[in-house]
Amino acid sequence: MRTSWRTASLVATAAAVLALTTACGQDDGTTPASAARDAGATVAAGDAAPGGGTAIGAGNGYGADGTQDSTAPVTPAGELTVASDPELGKVLTDGSGLTLYRFDKDTADPPKSNCSGDCATTWPPVPADDATAGAGIDRALLGEVTRADGSKQLTIGGRPTYRYAKDVNAGDVNGQGVGGTWFALTPTGEKAEPSAPPGLSVREDPELGEIVVDREGMTVYRFLKDKAWPESVSNCAGACLEKWPAVAPVAADDTEGVRKKGLMPFTRADGTRQMTVDCWPVYTFSGDKAPGDTSGQGVGGTWYAVSPDGKPVGAPGE
């Protein structure tokens, strides 16, 4: 059958339209392999960018690839505050009370972040846009660094700041020490680290009540045969001293909860220095193997744990 010129024209037009829609990848919802990455897709650092070249952020020193950072939810920093952690002391938190961290592999002068990709997912960079300094924070320490994706990251004292994905509640410090490179920030931008226990402090023993312990948490004892007045005298020497090691001198300001009166060192007969509490020489016990042990209590009817005011706990007449 002969096809009319009008029919042929309509067929040709339909074929042209079909070819056009197929080229745009919209004919049946199937995307051609060559168009698998459309113009709006984000390219990972180091990948070939559409049309040739390398994606922004590859090898630029900041480590930001534009993928993790640009798609992750951005939570404003808000007003920064100073929080007190029982082990770390003062740490910096954001407006929601979440701890802020620093990364040892970053630099502060000049500010530079070396956390991107999966790292930036685990440790989301803190945006700088709305960050303000709360009480106890020097506003001059607040700054910003431009990441490779163009976002502004908050810096404290030049250090890029981050949150930790596993911190879910205000006050959490689960990121402290992770990998030996991540640390909570102090209000001055330094890394927060556990402070050393005081040389002498007080703990609550379930049986003895308040007793003095040394820096390692070991119970401190008194020997009833010693003297405190008119001067401190130790009557424990030789084999006795091996069993009951003398507590080394501790500065008065390196103590917590112990009465300051009579809190001083003295010189033993052998020329070494020993600490006293209320002028009484004090010792630990070699038989105590772990912090909290009080196996020296009452030994020989002459050795007793020490109360915060220097008295022998549980000794006859006390």
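For the numbers below, each heavy atom of this structure counts, side chains included, while hydrogens, waters and symmetry mates do not.
Between the side chain of T255 and the backbone N or O of G199 there is no donor-acceptor pair closer than 3.5 Å. Judged by distance alone, the side chain of K289 and the main-chain N or O of S286 form a donor-acceptor pair under 3.5 Å. Proximity of a side-chain donor or acceptor of Q176 to a complementary backbone N or O of A192 within less than 3.5 Å is detected. Put simply, the side chain of D94 gets close to the backbone of L98: a donor and an acceptor are under 3.5 Å apart. With hydrogens and angles disregarded, a donor-acceptor distance shorter than 3.5 Å links the side chain of Q297 to the backbone of V313. The backbone N or O of G310 sits less than 3.5 Å from a side-chain atom of R222, completing a donor-acceptor pair. Between the side chain of R203 and the main chain of V212, no donor-acceptor pair closer than 3.5 Å is present.
Linking Ile, Leu, Val, Met, Phe, Trp and Tyr residues whenever their side-chain heavy atoms come within less than 4.5 Å leaves F266 and V247 in two separate clusters. Linking Ile, Leu, Val, Met, Phe, Trp and Tyr residues whenever their side-chain heavy atoms come within less than 4.5 Å leaves V213 and V258 in two separate clusters. V82 and L185 fall within a single hydrophobic cluster, where Ile, Leu, Val, Met, Phe, Trp and Tyr side chains are chained together by heavy-atom contacts under 4.5 Å. Note on L263: it clusters hydrophobically with V220, by side-chain heavy-atom contacts below 4.5 Å among ILVMFWY residues. Put simply, Y304 and I211 are part of two different groups of oily side chains (I, L, V, M, F, W, Y) that touch within less than 4.5 Å, one to the next.
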Point to revise | Derivation and outcome, side chain to side chain contact (heavy atoms under 4.5 Å, CB included), residues T132 and D130 | key: CA-CA 6 Å; T132 58; D130 76 329; over 6 Å; no
Exercise for review: With side chain to side chain contact (heavy atoms under 4.5 Å, CB included) as the test, would you mind laying out the steps for L142 and T155 before giving the verdict?
Suggested key: CA-CA 6 Å; L142 274 64; T155 62; over 6 Å; no
Practice item. Determine, step by step, whether D205 and T219 satisfy the side chain to side chain contact (heavy atoms under 4.5 Å, CB included) criterion, reporting the C-alpha distance in whole Å, the side-chain angles of both residues, the deciding distance to 0.1 Å, and the verdict. Key: CA-CA 10 Å; D205 183 83; T219 302; over 6 Å; no
Review point. Would D254 and R215 count as a salt bridge (Lys or Arg N to Asp or Glu O under 4.0 Å) if you check the C-alpha gap in whole Å, the side-chain angles of each, and the deciding distance to 0.1 Å?
Key: CA-CA 10 Å; D254 189 24; R215 196 181 305 279; 2.6 Å; yes
Point to revise | Test log, rule side chain to side chain contact (heavy atoms under 4.5 Å, CB included), inputs T99 and R163 | key: CA-CA 6 Å; T99 304; R163 299 183 181 95; over 6 Å; no
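Across every non-hydrogen atom of C279 and S232, the tightest pair is O-OG, 2.7 Å. Of all heavy-atom pairs between T181 and K105, the closest is CG2-CE, 4.4 Å. The minimum heavy-atom distance linking L88 with A184 is given by the pair CD1-CB, 4.2 Å. Pairing each heavy atom of P265 with each of R273, the nearest pair is CG-NH2, 3.4 Å. The two residues K152 and T146 make their nearest non-hydrogen contact at NZ-OG1, 2.8 Å. Contact record, A108 with G157: CB-O, 3.8 Å, taken as the closest heavy-atom pair.
We find that K191 and D104 are joined by a salt bridge, their nearest charged nitrogen and carboxylate oxygen being less than 4.0 Å apart. Ion pairing between K311 and D278 fails under the 4.0 Å rule for side-chain N and carboxylate O.
Residues that satisfy the ring-ring contact (aromatic ring centres under 6.0 Å, His included) test with W280, not counting sequence neighbours, are absent from this structure.
Side chains of P291 and M218 form a contact here, defined as non-hydrogen atoms less than 4.5 Å apart. In this structure, S234 and Q274 have side chains that are in contact, with non-hydrogen atoms separated by less than 4.5 Å. Here the side chains of V168 and K166 are not in contact, with every heavy-atom distance at 4.5 Å or above. Using a 4.5 Å cut-off on side-chain heavy atoms (C-beta onward), I156 and L92 make contact. At least one side-chain heavy atom of P160 sits less than 4.5 Å from a side-chain heavy atom of Q153. Contact annotation: the side chain of N169 never approaches that of D167 to less than 4.5 Å [non-hydrogen atoms, C-beta and beyond]. At least one side-chain heavy atom of R268 sits less than 4.5 Å from a side-chain heavy atom of L241.
Heavy-atom contacts from other residues, nucleotides or ligands closer than 6.0 Å to CD of E204 number more than 12. Environment of CD in E87: sparse, with no more than 12 heavy atoms of neighbouring residues, nucleotides or ligands closer than 6.0 Å. Other residues, nucleotides and ligands contribute more than 12 heavy atoms inside 6.0 Å of the NZ atom of K260.
If you look at F223 and W303, their ring centroids are closer than 6.0 Å.
T161 OG1 to L100 CG: the interatomic distance, rounded to the nearest 0.5 Å, is 5.5 Å. Taking CZ from R159 and CG from L141, the interatomic distance works out to 13.5 Å, rounded to the nearest 0.5 Å. Here the OG1 atom belonging to T93 is positioned 11.5 Å from the CG atom belonging to D85, to the nearest 0.5 angstrom. Rounded to the nearest 0.5 Å, atoms CZ (R102) and SG (C115) are 14.0 Å apart. From E79, atom CD reaches atom OG of S96 across 12.0 Å, with rounding to the nearest 0.5 Å. Note that CG of L154 is 10.0 Å distant from CG of D129, once rounded to the nearest 0.5 Å.
Here the options are Y164, Y162, F183, F103, the test is ring-ring contact (aromatic ring centres under 6.0 Å, His included), and the partner is W123; only Y164 passes. For the side chain to side chain donor-acceptor pair (under 3.5 Å) with Y221, the qualifying choice from T302, T284, D288, T294 is D288, the only one to do so.
No side-chain donor from either of S295 and D293 sits under 3.5 Å from a side-chain acceptor of the other. A donor-acceptor contact under 3.5 angstrom links the side chains of R147 and S113, judged on distance only. Inspection of the Y283 and D214 side chains reveals no N or O donor paired with an N or O acceptor under 3.5 Å. Between S84 and K90, the side chains place no donor N or O within less than 3.5 Å of an acceptor N or O (distance only, hydrogens not considered).
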